[in-house]
J.: 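Quick one: the structure is below, and I'll ask about it shortly.
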Amino acid sequence: MPSDPIHITLPDGKVLELPQGSTAADVAASIGPGLAKAAVAAVVNGETVGLMEPIEGDAELSILTDRDPAALTVLRHSAAHVLATAVRELRPGAGIGFGPAIEEGFYYDFDVDAPFTPEDLAAFEQKMAEVAAADQPFERRRVTKEEARDLFSDDPLKLERLEEFDDDEVITVYENGPFLDLCKGPHVPSTGRLKHFKLLSGAGAYWRGDEKRQMLQRIYGTAFHKAKDLEEHLHRLEEAKRRDHRRLGKELGLFQFHPVSPGAAFWTPRGTTLYNTLERFVRERQEHDFLEVKTPLLYTKELWEQSGHWGKYRENMFLVLNNETGEHDMSLKPMNCPSHYLYYASAKHSYRELPLRYVTLDVLHRNELSGALAGLTRVRQFAQDDCHVFLRQDQIVEEVTFLMDFILGHYDAFGLPSSLTFGTRPEQRIGDDALWDQAEAALREALESTGREYEVAEGDGAFYGPKIDFRVTDSIGRQWQLGTIQLDYNAPERFDLTYVGEDNAPHRPVVIHRAVCGSFERFIAILIEHYAGAFPTWLAPEQVRLLPISEKWEDSAREFAAELDAARVRVAVEGRETLNYRIREAETEKIPYMAVIGEREAADGTVAVRKRGAGKKQEVMPRADFVARITEEIRSRAAE
RNA sequence: GCUCUGGUAGCUCAGUGGUAGAGCGCGUCCUUGGUAAGGACGAGGUCGCGGGUUCAAUCCCCGCCCAGAGCUCCA
């Protein structure tokens, strides 16, 4: 007695009729053999499911092939299971934690006595290949909590997770060959789908990310549908290593670190030139519409109590002994905001003056965990291009539009494509909803006015107001979160900030926190990696290297160097060793221009110019022409 | 902070229970060069810091410092 068929609606609106118990694989097969082969998983009524799961009743369904990002997540999740299968084969006693797909691959956490060695990883990878070759089907089963307790009686970590389920919740397990895991799924139909994968690294990871819990051993890996994608990914990892700012910073002599001041950079002369050039650029852009102020670095705790930092942020502050009181009741500033509030509050302000934009580029200190420090990207001492705008509620749209334009212009100057994220009200927040409605509407309007696409991150705003975050993509496709525009309704209350309105009564201003680079340190790290150390001429610490062919032409070279120097071009003359040696050296140091002077050039006042990376394609030109050309390139801050 | 790994010449790294090596860089001399490394000689080390084991420690053990990777993208 056949039961009623089910009706499957496809993305193009077509409706298929299939018998009860049909699976997404059946649907794919009924559409065509090509699709049946390419199918990885399916989306049924908005939920990603495995191909082999029976569809329950009428549904909207689309098939995921290896071109869908969601299918890659499924494959990687399955790869995590295959990894666990392999580890359990080789280390039967290993406890299993969680093993999800992540952005760039997957990981699985194991409870074992000792960390895995690289040799272990190689053996696991080998075993994974065997598991994949065995083409074990992934079988999904629904179980009761009671059954699950039984199945995982030897897996305390799984049991712990299990106890968090409600009694009536659907619990599923997946089984492939010898391996059984508590898992929501979905998975690819069988382990044979896993063809292109690689284990990358092992490291400790706390169970559930809680430092009070036991340390598990995590193995990271990645997997792709196509060999080419895997290769490209591995190549990108190599490329990132090659561009690592810590490595290039050392090679190009830009900055160093010393144990006597962990997390604080020593900038070399070259690095300082780079830093100052960036700072000059930032200052120049802020010259007209912003007011730069310098404020103290050290404050008593009264300020931090008022700002709320003393209670919530003290762990991250460097406290300083106050001789007067004998207490550590002073602190180096970890941010500039409170000093800007104080300065604003030091005078009465008319509504006519607003918006007021205060900028400070001072050094800040934050006591980050020692284990969190990393090169220039995570430091304890840094400087932000920090701005606080004081404005009226009715000015928000115009101001945010102005600031966005300002921030995007900055990234454009470095050829960093940017994207925008709008963070709306979080669960935990202050201020009434009417104010949030207004603030969000204003940000939205400003965002719309740019005509650019933006992502909405619901609930991602700060507790004191909504925000817009700016992310840039560097030359090898990595994304970095840099600038931010945050509305703040809390600070004006805490610091009792006011302005005198048209009605001659005091009103609360709104505060906007704005940063463009984030910190100079981190921004420079990103620039180093973005340019792979080959800075555009305007940023390069040394812009021209003059190479006299022999000592005889050194005077001529020095004369020309003086000319360039007078034109504010950063130039050095290098006369030792052979010409070939010096060319190689300048090329490795990524100097934008080499200028060679020999008998001919000295005689007719020319110079043979070789551009970085251009090889033997040199250009002989009158010296004045080269000065004109390079000064224009610097003035316009040309990209190359 | 915690786990693991590492710390040897300015840099990159090899090495050993018997007071240490390479390449590059650096110095001197020769060479005076035409577009990615000319040649010779030489200087340079508290083997991260402190303690312990040992006849003897850069090496083994303990502590500390610094660096690197990682520390929920939740079955």
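Fair warning: this is a prediction, and the values are worked out from it, not measured in the lab. Here is the naming used below: chain letters follow the sequence lines, and residue numbers restart at 1 for every chain.
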J.: B:rG1 base to A:Glu315 side chain: any donor-acceptor pair below 3.5 Å?
T.: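 Side chain to base: no pair below 3.5 Å.
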
J.: Taking only the P atom of each, what is the distance from B:rC29 to B:rA36 in whole angstrom?
T.: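 Here B:rC29 and B:rA36 have their P atoms 28 Å from each other.
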
J.: On a whole-Å scale, what distance lies between the P atoms belonging to B:rU58 and B:rU46?
T.: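 About 13 Å, rounded to a whole number of Å.
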
J.: Using Watson-Crick or G-U wobble geometry with both distances under 3.5 Å, which nucleotide pairs with B:rC4?
T.: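 Its partner is B:rG68 (Watson-Crick or G-U wobble, both distances under 3.5 Å).
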
J.: Could you work out the separation of B:rG25 and B:rC61 based on their C1' atoms and round it to a whole Å?
T.: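 It comes out at 37 Å once rounded to the nearest Å.
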
J.: Look through every strand shown and name the nucleotide pairing with B:rA9 as Watson-Crick or G-U wobble, where both distances are under 3.5 Å.
T.: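 With both distances under 3.5 Å required, B:rA9 matches none.
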
J.: Just to be sure I understand the rule, does A:Lys158 reach a base, reach only the sugar-phosphate, or reach nothing, if contact means heavy atoms closer than 4.0 Å?
T.: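 Touches sugar-phosphate only.
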
J.: Check whether any side-chain nitrogen or oxygen of A:Lys250 sits under 4.0 Å from OP1 or OP2 of B:rU12, and answer yes or no.
T.: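 Checking B:rU12 against A:Lys250, a side-chain N or O does come within under 4.0 Å of OP1 or OP2.
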
J.: Determine, using ring centers only, whether A:Tyr108 and A:Phe110 are less than 6.0 Å apart.
T.: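 Yes, the ring centres sit under 6.0 Å apart.
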
J.: Considering Watson-Crick and G-U wobble pairs with both distances under 3.5 Å, what does B:rA14 pair with?
T.: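 None - no nucleotide pairs with B:rA14, as no candidate has both distances under 3.5 Å.
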
J.: Does a side-chain N or O of A:Arg218 approach OP1 or OP2 of B:rC71 to a distance below 4.0 Å, or not?
T.: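 So the side chain of A:Arg218 is within the cut-off, an N or O lying under 4.0 Å from OP1 or OP2 of B:rC71.
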
J.: I'd like to know if A:Glu163 pairs up with A:Arg149 as an ion pair, taking the criterion as any Lys NZ or Arg NE/NH1/NH2 lying under 4.0 Å from an Asp or Glu carboxylate oxygen.
T.: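 A:Arg149 and A:Glu163: salt-bridged.
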
J.: So does A:Ser201 get a side-chain nitrogen or oxygen closer than 4.0 Å to the phosphate oxygens (OP1/OP2) of B:rA69?
T.: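 For B:rA69, OP1/OP2 do not have a side-chain N/O of A:Ser201 under 4.0 Å.
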
J.: Separation of A:Lys552 atom NZ from B:rU32 atom P, in whole Å?
T.: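 Those two atoms, NZ and P, are 9 Å apart.
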
J.: For B:rA40 versus B:rU35, give the span between their C1' atoms, rounded off to a whole number of Å.
T.: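 These two C1' atoms come out 26 Å apart once rounded.
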
J.: Mind checking the P distance from B:rU28 to B:rA67? Whole angstroms is fine.
T.: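 So the two P atoms sit 36 Å from each other.
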
J.: Anything under 30° is parallel, anything over 60° is perpendicular, the rest tilted; go ahead and classify A:Phe626 against A:Phe560.
T.: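 Tilted.
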
J.: When all nucleic acid strands are considered with a 4.0 Å heavy-atom cut-off, which category describes A:Leu373: base, sugar-phosphate, or nothing?
T.: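 Answer is sugar-phosphate: A:Leu373 comes under 4.0 Å of backbone atoms only.
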
J.: Strictly by Watson-Crick or wobble contacts shorter than 3.5 Å, is anything paired with B:rC47, and which nucleotide is it?
T.: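 By the stated definition (distances under 3.5 Å), nothing pairs with B:rC47.
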
J.: Taking any heavy-atom pair under 4.0 Å as a contact, classify A:Thr172: base, sugar-phosphate, or nothing.
T.: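 Base, at least one base heavy atom under 4.0 Å.
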
J.: Could you check whether A:Glu251 gets within reach of a base, just the sugar-phosphate, or nothing at all, counting any heavy atom under 4.0 Å?
T.: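 Nothing, no heavy atom under 4.0 Å.
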
J.: Return no unless some side-chain N or O of A:Tyr593 is found under 4.0 Å from OP1 or OP2 of B:rU35.
T.: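 Answer is no, no contact under 4.0 Å.
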
J.: Regarding A:Glu368 and A:Arg378, does a basic nitrogen lie under 4.0 Å from an acidic carboxylate oxygen?
T.: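 The answer is yes: the pair qualifies as a salt bridge.
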
